Amino acid sequence: MLLIPCPWCGPRNEIEFHYGGQAEVSYPEDPDSVSDVDWAHFLFYRDNPKGVLAERWSHQAGCRRWFTLRRNTVTNEIHVDDDASQAGAVTR
Amino acid sequence: MSNEFRLAGGGRIDRGRPVRFRFDGRELQGYEGDTLASALLANGVHQVSTSIKFGRPRGITAAGPEEPNALVQVERPFPEPMLTATTVELRDGLEATGLPGQGRLATEPDPARYDAMHAHCEVLVVGAGPAGLAAALTAARSGARVILADADTEFGGSLLGADEQLDRAPAADWVARAVAELGSCEDVRMLSRTSVFGHYEDNYFVAVEHRGDAAHTRQRIWRIRARQVVLATGAHERPPVFAGNDRPGTMLAGSARTYLHRYGVLPGRRAVVFTTHDSAYAAAIDLHDAGVDIAAVVDVRDVAPAYWASLCVERGITIRAGATVVGTSGTDRITSVHLANVQSGGMMSVRQVVGCDLLLVSGGWNPAVHLHSQGRGALRYAEDVGALVPGGGGRGVRSAGAATGAFTTAECLRSGAEAGRDATRAAGYDAEIGPLPTAQNLPAPAGRTAWLLPSPADSAGATQFVDLARDVTVADIRKAIGAGMESVEHIKRYTTIGTAHDQGKTSGTNSTGIIAELLGRDFAAIGTTTFRAPYAPVAFAALAGRDRGDLYDPVRVTAMHDWHVEHSAPFENVGQWKRPWYYPLPGENMDTAVLRECHAVRSGVGMQDVSTLGKIDVQGPDAADFLDLVYTNKMSTLKLGRIRYGLMCTADGMVFDDGTVMRTGEQRYLISTTSGNAAGVLDWLEDWLQTEWTHLRVHLTSVTEHWATIALAGPRSREVLSRASDLDLDNESFPFMSWQDGIVAGRRARVCRISFSGELAFEINVPRWYGREVWEALYDVGEPFDITPYGTETMHVLRAEKGFPIVGQDTDGTVTPHDLGMSWVVSKKKADFLGKRSFSRADTTRADRKQLVGLLPHDDILVVPEGAQLVGTEALPAPPVPMLGHVTSSYRSAVLGKGFSLALLKGGRDRIGDTVYSPVGGRLVALEVTEPVFYDKEGARRDG
Amino acid sequence: MAEPYGDSPLTSRADLLDRHSVPGAVRISEIPFRAQIGLRMDPKGAAAERIGTAIGAMPPNLPGTAVRAGELLALWLGPDEWLLVGGEGAAESVQDTLATALAEDHGSVVDLSANRTILEVSGPKAREVLNKGCALDLHPRVFGADRCAQTLLARAGVILVCRDAEQPSFWLLVRSSFARYVADWLIDASAEYAS
Amino acid sequence: MTPRTPGAELPEHPDWLWHSPEPKQSYDVVIVGGGGHGLATAYYLAVNHGITNVAVLEGGWLAGGNMARNTTIIRSNYLWDESAGLYEHSLKLWEGLEEALDYPLLFSQRGVLNLAHSLQEVRDSVRRVEANKLNGVDAEWLDPAQVAEICPILNTAEDLRYPVLGATWQPRAGIAKHDHVAWGFARELDRMGVDLVQNCQVTGFERVGDRVVGVTTTRGTIRAGKVALAAAGQTSVLADELGLRLPIQSHPLQALVSELLEPVHPTVVMSNAVHVYVSQAHKGELVLGAGIDSYNSYGQRGAFHTIEREMTAAVELFPMFSRAHVLRTWAGVVDVTPDASAIMGLTPFDGLYVNCGWGTGGFKATPGVGWCYAHTIAHDEPHPLNAPFSLDRFTTGALVDEHGAAGVAH
Ligand SMILES: Cc1cc2nc3c(=O)[nH]c(=O)nc-3n(C[C@H](O)[C@H](O)[C@H](O)COP(=O)(O)OP(=O)(O)OC[C@H]3O[C@@H](n4cnc5c(N)ncnc54)[C@H](O)[C@@H]3O)c2cc1C
Ligand SMILES: NC(=O)c1ccc[n+]([C@@H]2O[C@H](COP(=O)([O-])OP(=O)(O)OC[C@H]3O[C@@H](n4cnc5c(N)ncnc54)[C@H](O)[C@@H]3O)[C@@H](O)[C@H]2O)c1
Ligand SMILES: Cc1cc2nc3c(=O)[nH]c(=O)nc-3n(C[C@H](O)[C@H](O)[C@H](O)COP(=O)(O)O)c2cc1C
Ligand SMILES: [Zn+2]
């Protein structure tokens with residue numbers, strides 16, 4: 001049961017959250033001009049590193065806000081940004 | 001002959017409270033405070049069961065959860081499989097039998113209750129021996145919140161099973177004082193009988209509290225989140241591995257001490273003590289002083305430890321240094337041990353047989369590093385301990401006491417206090433180590449690690465048991481290595497070593513040592529198998545807790561639920577919701593009830609509870625733009641007061657949800673979702689809004705449960721509603737796909753003209769607390785029209801007759817709006833919307849995609865089962881048979897007078913008019929492919 | 001005057017809750033029909049000031065807190081989201097006040113009065129009962145009076161408000177369809193104190 | 001007390017299994033990953049294609065990945081033709097595998113029940129059964145009474161929160177002893193001269209242009225005519241070395257066992273809706289699993305609430321399990337694809353082949369994978385059975401979506 005730091009509500013148990021996978025995958029500016037291959041990458045391909053991953057979580061059972069955090073996928077250690085204002089910033 | 005091995009005094013049992021119990025059919029007696037094992041020993045019973053593979057007699061070897069041998073099945077008060085006699089508390093009426101391998105589950109329902117409790121603390125201390133108590137006291141005195149958990153029935157740990165002095169008084173006195181002080185601290189929670197069995201991320205620990213069969217809650221799972229943790233879990237004594245080491249009567253030396261001091265039991269009359277370690281001498285001395293004849297202390301080391309040797313000499317106890325046990329005799333119980341001298345080269349000389357009924361053994365101690373390791377803490381092989389000790393690396397977790405390889409009480413107290421202080425400080429509290437009790441000045445115990453002991457009679461090791469629980473011997477390890485295995489993990493799996501109930505608590509270190517020795521490698525190079533939760537077995541039911549029966553998952557009900565129950569509706573589970581399925585009248589089955597309900601809606605009027613549909617309030621200057629992005633069709637052009645059907649796709653172009661969109665204000669909409677997907681849609685929309693289209697000023701609010709919603713459907717619905725409402729309901733003033741606010745049955749309501757049945761229909765929304773009242777009022781005013789409540793089944797038939805697909809039933813995540821024949825709902829004008837780009841991928845543009853069509857069986861009375869497959873030929877070829885699609889919805893239609901279906905069919909729209917076939921009940925039936933709309937194709941009926 | 005109401009989600013459980021409350025340990029009861037208004041707005045915007053003035057106190061900006069504003073209790077639900085709880089029948093006037101104060105600024109005011117009902121759990125064992133299903137640290141130092149949180153109780157989402165830390169008393173705002181489940185769960189979790 | 005000896009009825013392992021050779025400098029084929037798939041592939045390369053100058057490189061101990069930690073369910077009743085083709089081929093191979101390997105695999109065709117708990121699950125189940133029959137896969141739809149007959153300890157009461165409305169039944173499905181399978185392959189491979197190199201972690205690739213010609217490892221560089229990836233949950237890490245992105249995500253999947261119990265559970269029961277699956281292994285332990293943990297992880301461990309929820313479902317469905325004990329929990333690292341189907345075939349690099357994405361259900365495919373992957377490697381072209389499982393389906397959109405319809409994952 002990870003203890004996930006919601007930038008708003010503070011640390012809460014993992015079960016209150018919804019995992020959203022890799023962060024910073026943005027919707028193509030103009031999908032129509034994107035090749036089939038690139039579109040497939042947007043839809044289906046996500047980083048899967050063994051190590052630190054910047055990922056999206058939503059505090060589903062709490063404030064319902066999405067946020068980004070960095071977590072080590074081997075140790076589950078969460079790297080909370082020193083800059084608190086950054087933590088609240090949302091990216092896809 | 002009861003309790004002939006029980007001393008007249010001493011121990012922590014309550015002699016005033018005798019307890020009767022049965023073991024293997026024998027009526028026996030013990031005392032409150034006994035374990036089943038101590039009571040059996042008091043009655044002279046050593047053999048508890050036979051072994052799993054070889055059927056050899058097996059006895060009690062330990063006094064705690066590390067017991068590998070003494071497995072019992074509890075029969076009463078309630079059957080429970082595979083417990084260790086050493087951890088079963090003696091209770092009046094307890095019945096148990098010895099268990100030779102496999103446990104037995106009860107066939108009757110378990111009457112007990114189980115639950116869970118969350119707890120938080122600054123410092124969690126696991127284990128309440130001297131180290132744990134010292135840690136807890138240090139932390140508690142700082143004012144920090146402390147949880148102290150111990151698996152045992154009493155706090156004190158090893159101190160309860162020894163006769164050590166603290167502050168020149170029995171150690172138990174200090175324990176009592178420590179416990180009293182802790183008990184007086186407001187923020188200290190003391191959990192005895194609580195085994196901490198799992199260590200998870202961020203100091204999340206799970207424990208099981210055994211509250212007893214009589215308690216309201218038999219077992220409770222504690223879910224503990226701790227800032228800092230001290231693991232003071234002690235150590236398990238390690239049995240040496242020698243020929244015949246499994247004979248009942250063979251017991252860990254420290255455990256024998258525990259039986260003596262804690263339970264007032266003499267585990268035998270004449271004992272041989274066999275050791276590689278100093279700690280066994282204390283057992284020899286204590287047992288001697290209690291009246292046991294110590295036939296010899298056999299020490300594999302060339303020189304006996306001076307301090308202990310002198311105590312033995314004082315008592316006339318013979319020490320055989322440089323000797324080893326090479327075999328044992330006895331059938332149900334050990335009768336003698338065979339000794340030999342060991343020369344340094346391993347050569348044997350001078351053999352001797354010594355009669356005894358007890359063989360006490362010690363091969364040193366294994367620190368209980370399980371919880372430390374579960375939390376990814378590193379382990380290090382400590383040469384002097386001959387076992388793994390914590391090697392750092394835990395986050396906010398410290399070990400103390402014997403768990404670190406500290407084996408004197410003084411050291412344990414000090415390391416516990418230090419760990420307690422450091423943990424408390426790390427948790428942000430001021431802590432100092434207070435005065436600690438003075439322990440006796442005993443020499444630090446030392447030992448020699450000896451993995452493989454020589455045994456001329458059994459040089460292969462066939463009777464040298466490493467894992468008693470799994471009957472694994474040195475010979476088995478040799479065989480695994482002989483088969484080519486070198487990894488401890490392979491050898492574990494080949495031999496099953498360490499995989500029993502005890503998870504190798506007494507065998508793990510030995511097996512690594514033996515493997516290392518056989519392979520000629522270092523212990524550290526071989527390492528250990530992985531420590532995994534649970535530390536000790538936990539009952540399934542304890543983990544299931546309160547989430548059972550009706551509480552297994554929330555039952556969600558609407559405002560009208562009780563009315564449906566009163567009108568005998570069976571319910572369909574839709575997600576967590578209960579929805580009325582149909583309303584059978586006396587004598588009706590589902591088919592006849594549904595036909596009647598359908599008929600009522602098509603020819604008169606019906607009413608349905610549709611409160612479960614998801615409803616989301618969408619507000620903001622950019623609400624229209626947002627909806628244009630998430631629906632396939634255009635919503636921004638929707639006029640105030642009007643309603644539009646909408647479809648949502650995921651970005652891969654597959655249908656995700658559908659519903660209606662009402663424009664309720666200049667910048668405000670109310671959208672509906674399918675019942676099962678309401679939360680999913682809201683999350684999905686929030687996701688895009690918050691993380692992608694952050695420039696859009698839109699707020700989403702779920703209002704699903706604010707409203708109760710009643711559908712009135714059928715040609716006479718207008719008449720019914722007009723009798724209960726002030727609204728002008730004719731087609732001009734209240735056209736199809738519009739909404740109005742008005743009064744219905746005396747309550748303010750929002751009425752929509754939408755129809756899922758194709759008939760004239762209204763949906764009436766009132767705040768939930770008026771739901772039942774308005775429902776009943778409509779039912780009453782509808783009475784003259786024979787108003788008929790209908791359930792989800794009828795709703796499905798009616799919508800299928802109209803060819804309206806249900807997301808999730810007529811789609812399966814591989815279906816586009818075009819496949820559904822709903823291109824009309826896919827905007828060609830909008831620059832973009834979710835799913836659009838995917839419609840131009842190679843696979844989504846294929847002409848032979850599966851498309852939604854209707855099917856009419858040639859045989860009028862047939863209703864093809866939902867899920868039936870479709871093929872193109874009149875006769876079935878040999879498999880694999882090419883399949884064309886499948887039936888997604890299928891019902892008997894009251895208006896058609898026959899069965900009909902919806903199906904997804906390859907190139908379906910081009911096949912309209914063709915015949916396809918479906919295997920049904922062993923034959924192939926012919927079906928005509930039709931348009932998916934079966935009824936009122938022109939849509940004339942919706943206006944009444 | 002408040003309108004007469006129909007059935008609250010727990011009308012049919014009222015007796016049961018009463019019977020299963022354990023004097024001296026835990027009391028569970030429904031507080032039905034309270035006005036509950038959802039408010040969304042930019043807390044830094046001008047509208048926030050106007051709303052603060054209109055209702056008598058600024059809706060709290062500190063996560064997890066509740067503020068009493070006149071007759072209202074304003075619960076922080078998210079960085080731009082609040083739930084205002086008022087007396088029976090107040091929904092309309094509260095909405096009007098908020099909508100007027102919001103004026104043309106981006107924000108939303110939604111009547112959610114029937115969306116949730118309120119369960120009050122009080123008594124010396126209240127915290128313990130709640131902690132059987134709620135993972136939050138409810139120690140008075142951590143979750144004192146006027147703390148609120150959206151979280152889980154067993155398998156249901158709830159808004160938990162500490163009304164009184166000394167004489168422990170909590171509100172659970174529960175969605176209507178889950179109310180019976182939560183009530184049944186509380187009854188089950190309190191049963192041990194009756195024996 | 002009659003001594004029961006549940007251990008004794010199990011077959012003894014052979015006295016010889018495999019060597020631990022030093023890796024040679026070069027091989028015709030190097031297989032990365034010594035799990036079931038890697039071993040089976042090497043086996044069929046040798047047996048079907050006569051290629052034996054092969055090394056299987058295993059970073060840790062042989063078959064210590066998901067092969068050592070799966071719940072051993074074998075079935076072929078998948079929905080789509082593509083899946084049914086591959087899994088049924090595999091099941092047929094299972095039926096002759098014990099003999100082929102001359103090793104007791106404890107392959108037990110005790111049948112698998114997939115429960116349906118909602119009307120939609122009933123529809124999906126019937127759909128799958130009908131498709132299975134037409135694909136030549138044995139399958140039946142059973143009503144609750146028939147389910148109870150096959151598995152009497154299952155709670156088929158109507159008042160269950162999510163009652164059992166029926167089940168699909170595949171009689172030829174079952175379980176096998178995972179370790180024995182790996183060791184059976186390994187023994188044959190060792191006999192045929194294939195090098196099984198353990199503690200040999202592949203760290204990168206040797207390339208000439210777009211051709212992969214070898215691997216770098218913790219035991220030196222090894223040249224190879226062809227390199228075949230069979231690294232399950234670790235595949236992304238390897239592919240990253242080549243800048244090759246794959247549509248897989250690695251998640252923890254947990255399992256657990258009880259103590260040894262007298263035989264109570266005659267078959268295999270899987271429930272997707274309440275998320276639990278259970279069988280009783282030969283020694284007598286109940287083996288249970290559930291769904292993946294939500295987030296990516298290479299940690300070989302999961303969260304405890306997953307286990308607690310799984311126990312809730314287990315006790316609801318099998319009230320008798322109430323006082324059984326959890327003895328051990330563990331997790332593997334499973335490679336999950338967007339459509340819950342595997343990826344097997346060619347890559348943009350010459351001489352590099354990929355097999356991954358088996359997620360929570362690749363044990364049953366072990367011999368089938370070996371057969372098809374060996375063909376793909378030997379002929380530089382996919383076998384017809386694995387052609388639909390190419391990487392480019394994600395570009396064209398021709399997914400083999402086993403989520404919605406087939407539901408059950410394992
Ligand atoms: C808990 C659990 C339950 C499951 N239940 C079932 C089930 O009931 N039925 C079913 O069909 N399937 C099941 N599965 C899935 C199944 O186990 C896997 O799909 C299958 O084992 C994967 O193939 P494999 O055996 O080759 O993988 P693995 O055994 O994981 O093999 C991959 C090997 O590659 C090695 N490796 C990785 N990287 C490198 C490198 N760089 N260099 C060298 N070696 C490397 C790894 O160490 C590993 O040994 C389950 C999985 C888990 C975790
Ligand atoms: N003479 C020797 O060689 C020798 C060897 C070992 C220990 N000892 C003595 O034993 C004592 C060790 O003190 P200590 O405090 O380190 O250990 P301890 O053995 O006194 O106490 C450990 C306590 O931890 C509990 N425990 C262990 N695992 C647990 C779990 N997972 N959950 C809940 N409870 C758990 C046990 O029930 C036990 O009460 C000292 O007095 C020491 O002298 C002596
Ligand atoms: C089918 C199966 C049955 C198992 N039975 C047992 C068992 O009876 N006892 C046991 O301790 N472990 C058992 N295990 C689990 C292994 O001990 C081990 O946990 C698993 O292989 C994962 O390895 P690891 O825990 O070393 O990482 C079993 C595993 C599987 C896959
Ligand atoms: Zn939050």
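Only a predicted model underlies this, so the values are computations on that prediction, with no experimental measurement involved. What you see below is based on every heavy atom in this structure, not just the backbone, and it leaves out hydrogens, waters and symmetry mates. First the proteins, then the strands, lettered A, B, ... as listed; each starts at 1.
Listed by chain and residue number, nothing satisfies the salt bridge (Lys or Arg N to Asp or Glu O under 4.0 Å) test with D/Arg187 (two or more places apart in sequence, or in another chain). Under the side-chain contact (heavy atoms from CB on, under 4.5 Å) criterion, B/Thr499 pairs with B/Arg470, B/Lys492, B/Thr496, not counting sequence neighbours.
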For this session: Could you walk me through whether D/Ser322 and B/Phe540 pass side-chain contact (heavy atoms from CB on, under 4.5 Å), step by step?
Result: CA-CA 5 Å; D/Ser322 188; B/Phe540 282 23; over 6 Å; no
For this session: Carefully, step by step, assess B/Glu201 and D/Arg301 under the rule salt bridge (Lys or Arg N to Asp or Glu O under 4.0 Å).
Result: CA-CA 10 Å; B/Glu201 271 82 7; D/Arg301 63 188 71 208; 5.6 Å; no
Problem set entry | Full working for side-chain contact (heavy atoms from CB on, under 4.5 Å) between B/Met883 and D/Asn135 | CA-CA 9 Å; B/Met883 285 169 258; D/Asn135 272 322; 3.2 Å; yes
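For a residue to count as touching a neighbouring chain, one of its non-hydrogen atoms must lie under 4.5 Å from one of that chain's; by this rule D/Val264 touches chain B with the side chain only. With a threshold of 4.5 angstrom between heavy atoms, B/Ala878 does not approach chain D through any atom at all. Looking at B/Leu551, there are no atoms closer than 4.5 Å to chain D (heavy atoms on both sides), in backbone or side chain. At a 4.5 Å heavy-atom cutoff, B/His199 makes no contact with chain D through either its backbone or its side chain. In this structure, chain D has no heavy atom under 4.5 Å from any part of B/Pro570. Using a 4.5 Å cut-off between heavy atoms, B/Gln809 touches chain D through backbone and side chain atoms alike. The contact between B/Ala533 and chain D is made by backbone and side chain atoms together, counting heavy-atom distances below 4.5 Å. No part of B/Ile806 comes within reach of chain D, as not one of its non-hydrogen atoms sits under 4.5 angstrom from that chain. Proximity to chain D (any heavy atom under 4.5 Å) is restricted, for B/Tyr114, to the side chain, taken from C-beta onward. With a threshold of 4.5 angstrom between heavy atoms, B/Pro81 approaches chain D through its backbone and through its side chain. For B/Glu486, the part lying near chain D is the side chain, with the backbone staying farther off; criterion is any non-hydrogen pair under 4.5 Å.
Taking the six-membered ring where the residue is Trp, B/Tyr200 and D/Phe304 present tilted rings, their angle falling between 30° and 60°. Under the 30°/60° scheme for interplanar angles, the aromatic rings of D/Trp61 and B/His490 are found to stand perpendicular.
Inspection of the D/Tyr162 and B/Asn573 side chains reveals no N or O donor paired with an N or O acceptor under 3.5 Å.
B/Arg493 and D/Ala68 make their closest contact through NE-CB, 4.2 Å (heavy atoms, listed as atom of the first residue, atom of the second, distance).
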